Amino acid sequence: MDNASYHTNVLDPAPSKYSTKKKLKSGWWRRTFVHNSNTRKTELYDLVQANAPPAKKYYIEELFKTDGHYVLRIPPYHCDLNAIEIA
């Protein structure tokens with residue numbers, strides 16, 4: 001599978017540093033650390049980054065795993081490895 005944007009939708013993505021403080025306080029990351037109500041946004045973002053999972057989970061890969069398939073991604077900008085380009 002190539003790295004097209006529709007192939008790389010992240011499942012439950014971590015918020016970016018531009019996310020709102022409300023979004024930083026909600027989601028899976030709020031279960032991994034304790035914060036109080038007056039924690040600054042930059043401190044919350046640092047906590048999210050420190051507790052983020054090591055690898056991203058992609059929606060399409062998780063969908064294929066349920067059926068017992070494995071996704072092999074080709075390196076970006078290598079058209080000679082993409083079978084559709086040969087056809």
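Note: hydrogens, waters and symmetry copies are ignored here, and every other heavy atom, side chains too, is used. Here the structure is a predicted model, which means the values were calculated and not measured.
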**Item:** Rounded distance [0.5 Å steps], CD in E61 versus OH in Y70
**Value:** 7.5 Å

**Asked** With sequence neighbours left out, what residues match K21 under salt bridge (Lys or Arg N to Asp or Glu O under 4.0 Å)?
**Response** none

**Asked** What distance do L11 atom CG and L63 atom CG have between them, rounded to the nearest 0.5 Å?
**Response** 10.0 Å

Counting only pairs under 3.5 Å, give me each side-chain donor-acceptor contact of residues 40-48, with atom names and distances, residues two or more places apart or in other chains.
from	atom 1	to	atom 2	distance (Å)
K41	NZ	S19	O	2.7
E43	OE1	R40	N	3.1
Y45	OH	Q49	NE2	2.7

**Asked** What pairs with K56 under side-chain contact (heavy atoms from CB on, under 4.5 Å), at least two apart in sequence or on another chain?
**Response** V10, Y58

**Asked** Are the side chains of R73 and T8 in touch, meaning some heavy atoms are under 4.5 Å apart?
**Response** yes

